Colleague: 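Let me give you the structure first, and then I'll get to my questions.
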There are 2 protein chains.
Amino acid sequence: MSALPQPPYYAVIFTSQRTQVEDGYGDMAERMVALAAEQPGYLGVESTRGGDGLGITVSYWRSAEDIAAWRRHAEHRIARDTGRSDWYAHYTLRVAKVERAYAWTRADGTQDPQA
Amino acid sequence: MSALPQPPYYAVIFTSQRTQVEDGYGDMAERMVALAAEQPGYLGVESTRGGDGLGITVSYWRSAEDIAAWRRHAEHRIARDTGRSDWYAHYTLRVAKVERAYAWTRADGTQDPQA
């Protein structure tokens, strides 16, 4: 992920447990990442899912208002509805204000795939 | 993860990219999760790592002071130092105040491995 601005900014911590239903999930997840990146106030995203089906996606935003606007986006609403009907067994969503941030990168030339 | 209290509380968002060095990493990671759970103000943790080596761990705490105390813990310091020397190519740590939280669980009897 690109460098973020100095705090304060906002994080949406989305933790989810997938069902076994794959139908359309991958396409939707990719589309939501691309669509979020076009929204006002979007700063970045970090996302991963382990072999046990637990996923954590953290998206970063300039303000709580920007997050609220993204939540109301029509295509995002449809994805959310389908997530509830098909893809997720459980999820938790938290909105948090980032107060401090610190990054460390190895200085020995190791590639950083997030850069 | 068990249910958390009503916000506000704090989240530490730790995003890391692993090196290829495995030596002791798994044991350390397990030990840190167990040790964190013994600290004052600890509320819970969610952690996952994908096949690409990107990991996200979010731990939850009652206050910023509890987080600072955990950061100063001697055994945690040693793990951090070894993380920098051996295990991590890059990491970012953010301290954020959770303002709102929302959980959804499928009502059809699907097991929730996080409960």
Side-chain angles (χ1 to χ4, degrees), chain A residues 1 3-4 7-20 44 46-58 60 64 67-68 71 80 83-115, chain B residues 1 3-4 7-20 44 46-58 60 64 67-68 71 80 83-115:
Chain A
M1 193 172 72
L4 294 188
Y9 51 85
Y10 275 80
V12 177
I13 306 165
F14 179 73
T15 306
S16 62
Q17 185 68 45
R18 290 271 284 109
T19 59
Q20 303 292 323
E46 293 164 326
S47 187
T48 191
R49 187 174 301 278
D52 59 355
L54 176 69
I56 304 178
T57 296
V58 188
Y60 298 97
I67 294 168
R71 185 162 52 88
R80 195 159 56 227
R84 289 180 182 169
S85 64
D86 293 2
W87 297 315
Y88 296 123
H90 177 79
Y91 64 76
T92 305
L93 187 145
R94 295 184 174 90
V95 176
K97 186 178 190 174
V98 178
E99 298 183 347
R100 294 191 301 113
Y102 174 78
W104 176 87
T105 299
R106 181 171 297 275
D108 65 8
T110 302
Q111 284 287 332
D112 175 8
Q114 290 302 294
Chain B
M1 193 173 69
L4 295 188
Y9 52 85
Y10 275 80
V12 177
I13 306 165
F14 179 73
T15 306
S16 63
Q17 185 68 46
R18 289 272 283 108
T19 60
Q20 304 292 321
E46 294 165 326
S47 187
T48 189
R49 188 174 300 277
D52 59 355
L54 176 68
I56 303 178
T57 297
V58 188
Y60 299 98
I67 293 167
R71 185 161 53 88
R80 196 158 55 226
R84 290 179 182 171
S85 65
D86 293 2
W87 296 315
Y88 295 124
H90 176 79
Y91 64 77
T92 304
L93 187 147
R94 295 183 174 90
V95 176
K97 185 178 190 176
V98 178
E99 298 183 347
R100 296 192 299 114
Y102 174 78
W104 176 86
T105 299
R106 183 171 296 276
D108 64 8
T110 301
Q111 284 286 331
D112 175 8
Q114 290 302 295

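When reading the values below, keep in mind they use all heavy atoms of this one structure, side chains included, and skip hydrogens, waters and symmetry mates. Chain letters run A, B, ... following the sequence lines, proteins first, then strands; residues in each count from 1. In this text the structure is predicted, and so the values were computed from the model without any measurement.
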Colleague: Select one option (side chain, backbone, both, neither) describing which atoms of Ile13(A) are under 4.5 Å from chain B's heavy atoms.
Modeller: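 Ile13(A) touches chain B through side-chain heavy atoms alone.
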Colleague: Under the criterion side-chain contact (heavy atoms from CB on, under 4.5 Å), I'd like the reasoning laid out for Arg94(A) against Val58(B): C-alpha separation, chi angles, the key distance, then a yes or no.
Modeller: CA-CA 11 Å; Arg94(A) 295 184 174 90; Val58(B) 188; over 6 Å; no
Colleague: In Å, rounded to the nearest 0.5 Å, how long is the span from CZ of Arg100(B) to CD1 of Ile67(A)?
Modeller: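 Between Arg100(B) CZ and Ile67(A) CD1, I get 7.5 Å after rounding to 0.5 Å.
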Colleague: To the nearest 0.5 Å, how far apart are CD1 in Ile56(B) and OG1 in Thr48(A)?
Modeller: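 Nearest 0.5 Å value for the CD1-OG1 distance: 6.0 Å.
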Colleague: Determine the option with the most heavy-atom pairs under 4.5 angstrom with chain B, choosing from Ala11(A), Ser47(A), Pro7(A).
Modeller: Ser47(A)
Colleague: If the plane angle is over 60° it's perpendicular, under 30° parallel, otherwise tilted; pick one for Trp104(A) and Tyr91(B).
Modeller: parallel
Colleague: Check whether Ser16(A) gets within reach of chain B through its side chain, its backbone, both or neither, counting any heavy atom under 4.5 Å.
Modeller: neither
Colleague: Heavy-atom distances under 4.5 Å only: say whether Tyr9(A) touches chain B with side chain, backbone, both or neither.
Modeller: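 Contact with chain B: side chain only.
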Colleague: Which residues satisfy the side chain to side chain donor-acceptor pair (under 3.5 Å) test with Arg71(A), sequence neighbours excluded?
Modeller: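 None.
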Colleague: Contact part of Arg49(B) toward chain A, heavy-atom cut-off under 4.5 Å: side chain, backbone, both or neither?
Modeller: backbone
Colleague: Below 4.5 Å, heavy-atom pairs only: which of Val98(B), Val95(B), Thr92(B) has the largest tally toward chain A?
Modeller: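 That would be Val95(B).
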Colleague: Considering only heavy atoms, which portion of Tyr10(B) lies under 4.5 Å from any heavy atom of chain A: side chain, backbone, both, or neither?
Modeller: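 For Tyr10(B), the side chain is the part near chain A, not the backbone.
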Colleague: Apply the test side-chain contact (heavy atoms from CB on, under 4.5 Å) to residues Thr19(B) and Arg106(A): give CA-CA distance (whole Å), side-chain angles for both, the deciding distance (0.1 Å), then the verdict.
Modeller: CA-CA 10 Å; Thr19(B) 60; Arg106(A) 181 171 297 275; 3.8 Å; yes
